[in-house]
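Below you'll find the structure, written out as structure tokens, and then a few comments.
Per chain, numbering begins at 1; letters A, B, ... match sequence-line order.
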Amino acid sequence: MKTDISKIYNSSEVESGWYDFWETQGYFRADADSTDPPFVIVMPPPNVTGSLHMGHMLNHTVHDVIIRRKRMQGFNTLWLPGTDHAGIATQNVVERQLRQEGLTRHDLGREKFIERVWEWKREYGDLITQQIRRIGDSCDWSRQRFTLDESLSGAVREVFVRLFEERLIYRGERLINWCPRCRTALSDLEVEYESLEGKLYHIRYSIAGSADEFVEVATTRPETMLGDTAIAVHPEDERYVHLKDSSGVLPLVGRKLPFIQDRVVDREFGTGVVKVTPAHDPADFDMGERHGLKRIGVIDEDGRITPEGGAYSGLDRFEARKQILSDLEAQGFLTRVEAHVHNVGHCSRCRAIVEPLLSTQWFVDVKPLAKEAIRAVEDGDIRFVPANWAKTYFEWMYNIRDWCISRQLWWGHRIPAWYCPCGEIIVSRSDPTVCPKCGSEEITQDEDVLDTWFSSQLWPFSTMGWPGETDDLTAFYPTSLLVTGFDIIFFWVARMIMAGLKFAGDVPFKEVYITGLVRDIERKKLSKSKGNAGDPMLVCDEYGTDAVRFTLARLGAPGADFVLSEDQLDGYRAFATKIWNAARFILRSEAESDRPVTEDEIQLDDLSLADRWILSRQTRAVDDVNRALDRYFLHEGAHSIYQFFWHEFCDWYLEMVKLHPEQSRPVLLHVFEKTLRTLHPFMPFITEELWQRIPHNGASIVIAPYPKLRADFVDEAVERDAGLIQEIIVKVRNIRAEVNVEAKQFVPLRVGTEDPGIQAMLMRQEAYIKRLARVESLEVVGKLTGERAAAQAVAGDVALEVPLAGVIDLEAEQARLGREMEKVRREISALEGKLSNKKFVERAPREVVEENHQRLADYQGKAVRLAEGIARLR
RNA sequence: GGGCGGUUAGCUCAGUUGGAAGAGCGUUCGGUUUACACCCGAAAGGUCACAAGUUCGAGCCUUGUACCGCCCACCA
């Protein structure tokens, strides 16, 4: 037990040593052989390139609060950490570095480049795991994983091969999303649509064999016309039925384009005539399929016009657009240009405009997997918190489309497919050396790597050793809970569910907690001047990690966005300071005889009112916290413990205890110690620091038991008595403030009540009133006799007056009591109205009716006493 | 076009079997009371977006309206 305690709470000092202690003691390590019930979370692996942002910190706070409490409750907890190789993101970072050296990845070649990325990872990849330690996350570092670890790569390969064998992975030429900047294919999810102000160009296409007849098409992308292979109209559009069997002529190129009829054409839009470019537009691709159209690719992987584009060959796509427009205009084909807002797809990594391109890629046929995954959520095998996110999940799953998984990158899991000149494609668990079909040794491996999410989707079981049959899988799979943001429900959550069911034989987790978004702090213009208030490490430096964690827990209701502001952080830093100062107060009067006090040792009968009251209130607070946390309502749990600690323990109990410090010492120590345990999941550092300094059992608060409900500590009568005393104290303080009594002056107090029980109680407990309300003498009478020089108030059905000669302003006093009376009358008439309503009395539950009667009686008593008080003023 | 969420105190937000409107910050007034001025004490402040409905009773349930936000979608 440390005895010294600094006067000022210094968060960075408090937060510096404990993590190493916890880690070396092995408190965070899970035991696959334990017989305790497991509680398991796998950490959503952050990108190795990354550094922690506020979103992470919120997410990790939720994780850690939940997992620390479970650990204290005796679960065999595992929080498995790790990082993601993040294909495009990481490769971009290293390529940027190379560019500064005047190099491209091609200058290095594949092997050297990958070695370079690994070097980079070794150097910087630890940053984020250090940050994770800094914020106190209680993860099991002995089980840390990286998606490119050998065993995880083995899992990826196994899954690829199995899906290929089941024909759920296939290779084919499709229209895919292509990022010309990253030079890779993207999945649909990696394309982000942005509404942009563009132009709608109207272009005249003449009719073949007719001198003056023409149709007008509208397009936002004139450059794709080079790849047009048809003109489409709606089959029931009378304006164009006559063109059914004719052709149009492509301007500038002269190619003949057949007219086709298709129901997707919107007759209302533009002229109702659409140019069809199957190689560069998803809708046109589908039409091309339906009508057997030729596909002419006119834009290449760099976003330049291909030789198919004739005169425009080699031009950048946007340059070509300008050129084509000016040529069209010069030749009179461009009839009209109008402003047009439309959605443009951007690469989610580099923001370049995505090009729909015809390309041969690998795909997963996910529909069969989705079926099981939908069922798992429908059947409640997986529960979303909040529940409505399941709708988002279903929506996507019902409409799920094939997943393009190949990426033209070097950093990632290389596709385990080999090609033989004979045409054979070999997909295998081990690297082949010869073609099994023709025996050729000329086989070459596919150059591409897999989408990063292909490996992430296996995370809950690949990290535990799958496809091996490991103890960890037996002990910890399926995991208990996944905590993540709604932005990756499709990318990750849905795919893990599919993969888990398919390969690990069970759902990957039983519950999914969806966090909200931490809205940009800049919205409040708080950070601009400070530079980086959004960086959680800087925020933790400034406010203390415990305070930041508490703030996030307090504000982040499941699924709800919130703004993190400096005001909020200030408030919860003050909370940490408050805890510190309370501890200082307690440690001030440290005694030799101090020792840990367990609940069972407490003899309720021997205790003061204050002690019994705080035990009762704490019991309720602990119960509130537990019920809130059982539902993952961290915000409510944080609120309950905050209110209890500050406004009951500090504001009332510590003040009351000053009357009988020695007598209350055991309860004081007990309640404070238990409060620290209740708080520990939210504020791990300060609670450990203080817990170690006060009497306690055990080596660390990390493994101390989490407080449970002690129903026998709840005492309604005590709470009622203490409540009345507190109310009287507040009323006296109120009077003192109203009539400007100096703080140091003690005043006389007279309390009137005809209830002998209350009279006796007040006499017994008068010391509290005297001290906390600064009262010199307390007189308890049946009825207030009244003098003019008295300020009056009513607490419950008890009246009181402060007989202070000469200081009272009669008019003000009258006005004050009048206002009070007004309120009481309003309550009475509302309650009378309610209770005279026959239907209410008949149909409302008896307790509710009874309660209303009780309240009415209370208010009526109040009214009588107020009336007496007002009368006595005259 | 479809789906989801939001609208409660000056600000940021809580509010689950429907049963007396809450917190933090801010505001006003007063405070060197032996833990704490990152504090203490006292107070002010709300037609719960609007409208109908269900109910004895609605911030909460139903329907509609308005505004704001997000997601999905092949009107070029």
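For A:R401, the side-chain atoms get nearest to B:C74 when compared with the rest of B:C74, B:C71, B:A42. Side-chain proximity of A:R733 to the nucleotides B:A14, B:G41, B:A23 is greatest for B:G41. Candidate nucleotides B:A42, B:A35, B:G31 were compared by shortest atom distance to the side chain of A:F585, and B:A35 ranks first. The A:K7 side chain lies nearest to B:C36 when the options are B:C36, B:G2, B:A76. The side chain of A:Y572 lies closest to B:G24 when the candidates are B:A20, B:A42, B:G24. Distance from the side chain of A:P845 is smallest to B:G19 among B:U33, B:G41, B:G19. Residue A:N581 places its side chain closer to B:A35 than to any other of B:G19, B:A35, B:C74. Nearest nucleotide to the side chain of A:K391, out of B:C38, B:A76, B:C4: B:C4.
Using a 4.0 Å heavy-atom cutoff across all strands shown, A:Y201 reaches no nucleic acid atom at all. Within the nucleic acid shown, A:D286 has no heavy atom closer than 4.0 Å to any nucleic acid atom. Residue A:R771 is classed as a base contact, given a heavy-atom separation below 4.0 Å to a base. A:H280 comes within 4.0 angstrom of nothing in the nucleic acid, heavy atoms only. Looking at heavy-atom distances under 4.0 Å, A:T577 makes contact with a base. No contact: A:N399 has no heavy atom under 4.0 Å from any strand. Among the protein residues, A:R573 comes within range of the nucleic acid bases, having at least one heavy atom under 4.0 Å from a base atom. Using a 4.0 Å heavy-atom distance criterion, A:A557 is classed as making no nucleic acid contact. At the heavy-atom level, A:Q643 lies under 4.0 Å from the strands shown only through sugar-phosphate atoms. The residue A:Y642 sits close only to the backbone: its heavy atoms come under 4.0 Å of sugar-phosphate atoms, none of a base. Residue contacts for A:V730: at a heavy-atom cut-off of 4.0 Å it reaches the sugar-phosphate backbone alone, with no base atom in range. Base engagement by A:L654 is indicated by at least one non-hydrogen atom pair under 4.0 Å involving a base atom.
Judged by distance alone, with hydrogens and angles left aside, A:K578 brings a side-chain donor or acceptor within reach of the base of B:C36, the pair sitting under 3.5 Å. Put simply, the side chain of A:E636 and the base of B:A23 share no donor and acceptor less than 3.5 Å apart.
Dashed line: the shortest gap from a side-chain N or O of A:W396 to OP1 or OP2 of B:C4 is not under 4.0 Å. Look at A:R855 and you'll find a side-chain N or O under 4.0 angstrom from OP1 or OP2 of B:A20. Residue A:H340 places at least one side-chain N or O under 4.0 Å from the OP1 or OP2 atom of B:A76. Close to B:G24, at under 4.0 Å from its OP1 or OP2, lies a side-chain N or O of A:H647. Note on A:N734: a side-chain N or O is less than 4.0 Å away from OP1 or OP2 of B:A43. The side chain of A:R588 contributes an N or O atom lying less than 4.0 Å from OP1 or OP2 of B:A35. Residue A:K658 has a polar side-chain atom (N or O) positioned under 4.0 Å from OP1 or OP2 of B:A35.
Within residues 262-275 of chain A, the residues that have a heavy atom under 4.0 Å from RNA chain B are, in order of number, A:V265, A:D266, A:F269, A:V274.
A salt bridge links A:E636 with A:R631; the closest basic N to acidic carboxylate O contact falls under 4.0 Å.
Checking A:E216 against A:T335 by side-chain atom types alone, a donor-acceptor pair falls below 3.5 Å. With hydrogens and angles left out, the side-chain atoms of A:T277 and A:K275 include a donor and acceptor closer than 3.5 Å. Between the side chains of A:R573 and A:S11, no donor N or O sits under 3.5 Å from an acceptor N or O. Of the N and O atoms on the side chains of A:D228 and A:Y205, at least one donor lies less than 3.5 Å from an acceptor on the other residue.
Nucleotides B:G57 and B:G10 are separated by 30 Å at their P atoms, to the nearest Å.
Aromatic rings from A:W389 and A:Y393 are positioned such that their centres are separated by 6.0 Å or more. The aromatic ring centres of A:F269 and A:H234 sit 6.0 Å or more apart.
A straight line from NE2 of A:H342 to C1' of B:G1 spans 18 Å, rounded to a whole angstrom. The nearest whole Å value for the distance from the OH atom in A:Y632 to the P atom in B:A14 is 21 Å. Here B:A23 presents its P atom at 13 Å from CG of A:D651, a figure rounded to the nearest Å.
Here the shortest heavy-atom pairing between A:G485 and A:I514 reads C-CG2, 4.2 Å.
A:H346 contributes no side-chain N or O that, together with a main-chain N or O of A:V354, makes up a donor-acceptor pair within less than 3.5 Å. Between the A:D594 side chain and the A:E590 main chain, no donor and acceptor come within less than 3.5 Å of each other.
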